[in-house]
Amino acid sequence: MKVVLSTLNAKYIHTSLAIRCLKAYSEKEFDIELAEYTIKDPVMNIVSDLYQRRPDVIGFSCYIWNIEETIKVIDVLRKVLPQVKIILGGPEVSYDTEHWMNRLSNVDFIVIGEGEETFHHLLQEIEGAGKYHFIYGVAYRKGEEVIVMPGRPKQDLNELPSPHRFVEDIPSLGKRVVYFETSRGCPFSCQFCLSSIEVGVRYFDIERTKSDILYLIENGAKLIKFVDRTFNIKRDYALEMFRFLIENHNGCTFQFEITADIMRPEVLDYLAEHAPPGVFRFEIGVQSTNDPTNELVKRRQNFTKLSRTVTKIRESGKIDQHLDLIAGLPMEDYNTFRKTFNDVFALGPEELQLGFLKMLRGTGLRIDADKYEYTYMDQAPYEILSSHMLSFDDIVRLKRLEDVLEKYWNAHRMDYTLHYLMKDEFSSPFDFFQEFGNYWEAQGWQKIGHQLEDLFVRLQSFLEDRDTGRMDIILGLMKLDYFLNHKYKPRKIWWEPTVDKSRLNQHIQRAVRKPEAISAEFAELGLDDKDMHKHMVMEELPFRLDQLLAGVPISGAQGRSLLMVAYQQNEQQKPLFFVAALTSESAVM
């Protein structure tokens, strides 16, 4: 019997841990192939590929991001492979299972919840006597009737074989994301999250976990994302794993979901002292700082402790942090969400993701949707449209904010400019992104593509349209950010240059003669006249950029300065910038 396990990933670089777990458990008894696609792949391409594999059984792993695309594939598959047995599994179909069986007449079985043992038993019965009423954790058809069997007890995780040892995965380990679990379950009860439904946390044997990670690293893995709901729930376990990864990373990056307010001081101290820069990334779900909201959705969170953790990690400069917010939770209106946004933005995360509440099947909030007057999309991802405290108008406004937040803050294209704007020109970060988002949509820019230069020009247009003060300073910072976005000396700029050829030669000659007058770091580069012409850009600014970047108030940054950006001068291929004050005669001091 030929079995194909498939899924539609959100992106090509993603991989499916679920289908690998199923294959690892059943491959000794059954001929199993893995077939991964993306939600962007044409349906006919997917169907054609699956058809040519000549399967007897096809299993699909289903999530909110792929269920509707998967259904399209199934409907065509049934026409070209009428005899194939089609099985669904995954979190999207593990709840309201009878609904899915009734909606999807082309599906033969649904595996509910944890799938390894259930799927294996199901394959045995498909190949054998077909006694599906003996299988716990499965839904099947008996004539026109849908039968949903009771759930299966949780497995001992140490009885499961490793899903990370497939030889066919080795060539792509360095090109794609490896998803890895060291535990299953969650200790918390957040009513908007599926993880809250599974009570308790179970761990894989730590020595097996270490062995699998070493195998992946040795075979070229570059990014491993841990899918544990709360990686740091056990202090000793987390500390041992962090220590192990620091000692064995070999250039691999590891991403974790952590709960920041329970991170122990000794763990933070260890990471601050020993973590190599760039090896760890932390994803922290803050969701809301509104106490009535957190209490209602059973989310235990101490924002003071969370802030202390995030701040200490940021100050160490070792670990990038990705903080998540959810708009639309109960008791959170537009104004309280504004406060939530500003509270979290003040922590200075490298990324701030603004998501919108999704009414996931099986969650407490979906069950209580009427209580909070939720309206939401009928099909996945079930995103809310309004609630008792957030109107559709509010949702639309926040969508505009989210758009520019992603393009400008999370993409890190204008860090110096944005820090200045939100500190000195706008009431708060929320107000900047909201006002800019409103302007962006009014111009129709959400309908067209954007090159790097376009993003700078559009920000300038917005700021000038609203008569923003100190545009001279803002434009100077935008020039710095624009230069820093290039790996090589840019061929074009979006403003009129302040330094003509004659002036450029003067600055270069002074810099060659007295490089130490600019800085010791600049002098160490040892650039000659030819190097500077080839690898450097210069702009004269009508304020003291060096003073402004040092934190001096605007009033103390009076004067003029020369911005110098050098390219191709280090192994990282990152531009280096230097600032020199200019005398009244416009010579470098």
Side-chain angles (χ1 to χ4, degrees), residues 277 317 350 408-409 411-421 451-460 463 470-552 557 559-583 586-589:
E350 281 72 25
Y408 284 83
W409 179 259
H412 290 284
R413 294 184 173 104
M414 303 187 195
D415 286 355
Y416 287 107
T417 305
L418 295 189
H419 280 296
Y420 172 82
L421 288 173
Q451 301 295 324
L452 178 66
E453 182 180 336
D454 298 327
L455 294 171
F456 282 84
V457 170
R458 286 167 187 162
L459 177 60
Q460 181 179 352
L463 295 171
R470 298 311 304 260
M471 283 302 297
D472 56 339
I473 289 179
I474 295 168
L475 288 173
L477 292 171
M478 289 176 72
K479 292 174 183 179
L480 170 59
D481 281 324
Y482 184 76
F483 287 142
L484 295 181
N485 269 275
H486 291 78
K487 183 177 179 181
Y488 302 95
K489 180 178 177 179
R491 295 182 179 180
K492 64 176 182 177
I493 55 178
W494 47 271
W495 66 89
E496 288 296 322
T498 59
V499 179
D500 59 22
K501 288 184 178 181
S502 173
R503 197 90 177 122
L504 177 65
N505 286 329
Q506 291 179 32
H507 287 312
I508 287 177
Q509 292 307 313
R510 294 187 183 103
V512 169
R513 288 198 305 271
K514 292 186 177 182
E516 65 281 354
I518 297 169
S519 73
E521 292 77 11
F522 178 80
E524 286 180 5
L525 294 179
L527 300 177
D528 59 21
D529 182 293
K530 183 179 179 181
D531 292 329
M532 292 191 201
H533 276 287
K534 184 177 181 180
H535 296 296
M536 183 171 284
V537 292
M538 295 186 184
E539 276 288 314
E540 293 182 6
L541 304 178
F543 62 96
R544 287 288 300 277
L545 175 61
D546 53 332
Q547 296 294 313
L548 196 70
L549 296 182
V552 174
R560 298 171 62 247
S561 56
L562 178 68
L563 170 63
M564 311 168 68
V565 184
Y567 299 89
Q568 303 292 297
Q569 300 302 314
N570 55 28
E571 292 182 3
Q572 297 77 29
Q573 301 294 292
K574 291 184 177 181
L576 305 172
F577 78 92
F578 308 92
V579 183
L582 293 176
T583 65
S586 301
V588 178
M589 290 179 65

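Side-chain atoms of E539 and W495 include a donor-acceptor pair closer than 3.5 Å.
Screening Q573, H535, K574 for a side-chain hydrogen bond (donor to acceptor under 3.5 Å, both in side chains) with Q568, the sole residue that qualifies is Q573.
Looking only at side-chain heavy atoms (C-beta outward), L582 and H507 come within less than 4.5 Å of each other. V579 places none of its side-chain heavy atoms less than 4.5 Å from the side chain of L480. Side-chain contact between R544 and V552 is absent, with no heavy atoms from C-beta onward closer than 4.5 Å. Between L504 and H533 there is a side-chain heavy-atom pair separated by less than 4.5 Å. Counting only heavy atoms from C-beta outward, the side chains of L541 and D472 never approach each other to under 4.5 Å. Contact of the T498 side chain with the R503 side chain is not registered, since no non-hydrogen atoms from C-beta on lie closer than 4.5 Å. Annotation: side chain of F522 is in contact with side chain of L527 (closest heavy-atom distance under 4.5 Å). Using a 4.5 Å heavy-atom threshold, the side chains of V537 and Y482 count as separate.
A distance of 3.5 Å separates CH2 in W409 from NE2 in H419, rounded to the nearest 0.5 Å. Note that the CD atom of E453 and the CZ atom of R458 stand 10.0 Å from one another [nearest 0.5 Å]. Separating the CD atom in E521 from the CZ atom in F577 is a distance of 11.5 Å, to the nearest 0.5 Å. From E350, atom CD reaches atom NE2 of H412 across 6.0 Å, with rounding to the nearest 0.5 Å. Residue M478 holds its CE atom at 9.0 Å from CG of L418, rounded to the nearest 0.5 Å. Between L455 atom CG and Y408 atom OH the span is 4.5 Å, to the nearest 0.5 Å.
At least one donor-acceptor pair under 3.5 Å links the side chain of Y567 to the backbone N or O of F483. Judged purely by atom type and a 3.5 angstrom limit, D531 uses its side chain to pair as donor or acceptor with the backbone of D528. Under a 3.5 Å cut-off, the side chain of N485 and the backbone N or O of R413 do form a donor-acceptor pair.
Across F543 and L548, no two heavy atoms sit closer than the pair CE1-CD2, 3.9 Å. Here the closest non-hydrogen pair linking L459 and M414 is CD2-SD, 3.4 Å. Across every non-hydrogen atom of W494 and Q460, the tightest pair is CZ3-OE1, 2.7 Å. Here the closest non-hydrogen pair linking P575 and L484 is CG-O, 3.6 Å. Minimum interatomic distance between P515 and A523 (heavy atoms only, all atoms of both residues): CB-CA, 3.8 Å. Across every non-hydrogen atom of S561 and L545, the tightest pair is OG-N, 3.2 Å.
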Exercise for the section: Any chance you could lay out the side chain to side chain contact (heavy atoms under 4.5 Å, CB included) test for L549 and L477, step after step, and finish with the verdict? Expected result: CA-CA 10 Å; L549 296 182; L477 292 171; 4.2 Å; yes
Exercise for the section: Please step through side chain to side chain contact (heavy atoms under 4.5 Å, CB included) for the pair L463 and L421, ending with a clear verdict. Expected result: CA-CA 10 Å; L463 295 171; L421 288 173; 4.0 Å; yes
Problem - Chi angles and distances behind the side chain to side chain contact (heavy atoms under 4.5 Å, CB included) call for I508, M536 - result: CA-CA 10 Å; I508 287 177; M536 183 171 284; 5.9 Å; no
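Under a cut-off of 6.0 angstrom, the local environment of CD in Q451 is sparse, with at most 12 non-hydrogen atoms contributed by other residues, nucleotides or ligands.
A salt bridge does not link K479 to D481: none of the charged nitrogens lies less than 4.0 Å from a carboxylate oxygen.
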